[in-house]
Amino acid sequence: MSRMIDYGNLMHRAMRGLIRDVLLDVQANGLPGQHHFFITFDTMHPEVEIADWLSDRYPDEMTIVMQHWYDNLDVGEDGFAVTLNFGDNPEPLFVPFHAIRTFVDPSVEFGLTFRSQDEDLEDDAPGPEEADAPGEEDGEGRTEADVVSLDSFRK
């Protein structure tokens with residue numbers, strides 16, 4: 001039996017490590033300049049911790065923005081906790097890194113997306129600002145990594 005290098009999972013681990021490193025820096029030093037983040041995550045992930053009213057309102061996925069006001073950012077090995085303001089209601093939440101679907105910093109046109117093999121591959125054609133990252137299906141439902149197009153976040 002020949003052994004294969006699992007580039008898809010190696011890329012995911014590196015991308016999640018990058019997100020963790022960025023959030024650790026923000027935890028220690030705050031958001032520099034115009035940097036801000038749009039983080040979309042799977043609200044049904046078993047380790048996600050959000051208020052019931054938020055999971056009712058966002059039963060599949062939710063995008064949070066870390067920009068002007070956030071509090072209690074605590075980055076761990078497996079995820080991050082943060083308190084965000086939802087209509088003048090501060091709410092704590094915990095997002096495991098494995099629940100993240102997209103991470104975008106539009107101030108510098110940087111973005112990552114984690115795409116599962118189950119998703120429609122029709123959307124995988126790279127646009128002018130999008131390039132595919134290595135990934136392959138391993139038959140176990142693991143995900144493939146792509147760089148996200150920032151066109152959807154532009155006004």
Side-chain angles (χ1 to χ4, degrees), residues 8-124 127 129-133 135 140-155:
N9 281 326
L10 290 170
M11 181 63 73
H12 272 195
R13 189 173 12 188
M15 289 168 44
R16 287 186 176 103
L18 180 145
I19 293 169
R20 182 177 181 273
D21 289 348
V22 167
L23 292 176
L24 280 169
D25 183 66
V26 170
Q27 175 181 304
N29 305 304
L31 278 166
Q34 297 298 312
H35 288 277
H36 58 288
F37 311 131
F38 292 99
I39 303 170
T40 302
F41 62 94
D42 175 3
T43 56
M44 297 310 296
H45 187 283
E47 296 172 25
V48 165
E49 296 174 17
I50 59 175
D52 289 341
W53 72 269
L54 285 171
S55 62
D56 290 344
R57 187 168 178 186
Y58 303 98
D60 180 43
E61 70 178 23
M62 177 180 185
T63 300
I64 57 173
V65 179
M66 290 181 59
Q67 185 173 14
H68 299 297
W69 191 94
Y70 63 91
D71 200 13
N72 304 318
L73 179 59
D74 184 18
V75 182
E77 284 295 317
D78 298 322
F80 67 96
V82 67
T83 300
L84 296 173
N85 195 10
F86 296 93
D88 293 327
N89 293 318
E91 290 285 351
L93 48 113
F94 176 78
V95 178
F97 293 120
H98 285 286
I100 294 175
R101 292 184 176 168
T102 63
F103 178 91
V104 177
D105 182 346
S107 71
V108 292
E109 297 186 10
F110 175 82
L112 301 171
T113 188
F114 298 87
R115 211 174 276 197
S116 76
Q117 290 295 322
D118 302 1
E119 291 181 25
D120 187 1
L121 297 178
E122 191 173 292
D123 296 335
D124 284 349
E129 296 178 34
E130 180 179 22
D132 289 335
E140 297 179 23
R142 293 185 185 159
T143 54
E144 178 179 324
D146 292 327
V147 176
V148 68
S149 171
L150 295 175
D151 292 338
S152 62
F153 295 98
R154 290 198 174 118
K155 295 181 180 177

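All values reported here derive from a predicted model rather than from experimental measurement.
The minimum heavy-atom distance linking Thr43 with Met62 is given by the pair CG2-CB, 3.5 Å. In terms of heavy atoms, His36 sits closest to Pro106 at NE2-CG, 3.4 Å.
Rounded to the nearest 0.5 Å, atoms CZ (Arg16) and CE (Met11) are 12.5 Å apart.
By the salt bridge (Lys or Arg N to Asp or Glu O under 4.0 Å) test, Glu61 pairs with Arg101, sequence neighbours left out. Partners of His45 by ring pair (Phe, Tyr, Trp, His ring centres under 6.0 Å), not counting sequence neighbours: none found. For Phe37, the ring pair (Phe, Tyr, Trp, His ring centres under 6.0 Å) criterion is met by Phe103, not counting sequence neighbours.
Under the side-chain contact (heavy atoms from CB on, under 4.5 Å) test applied with Tyr70, the options Val26, Val65, Ile64 reduce to a single match, Val26.
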Contacts under 3.5 angstrom, residues 71-93 side chains, donor-acceptor by atom type, not counting sequence neighbours:
unit_1	atom_1	unit_2	atom_2	d
Asn72	ND2	Thr83	OG1	3.3
Glu77	OE2	Arg20	NH2	3.0
Asn85	OD1	Asp88	N	3.1
Asn85	OD1	Asn89	N	3.0
Glu91	OE2	Trp53	NE1	2.9

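Counting heavy atoms from C-beta on, the side chains of Phe110 and Val22 never come closer than 4.5 Å. At a threshold of 4.5 Å between non-hydrogen side-chain atoms, the residues Ile100 and Ile39 count as touching.
Sorted pairs that involve residues 44-56 and meet salt bridge (charged side-chain N to carboxylate O under 4.0 Å, His left out), not counting sequence neighbours, are lacking altogether.
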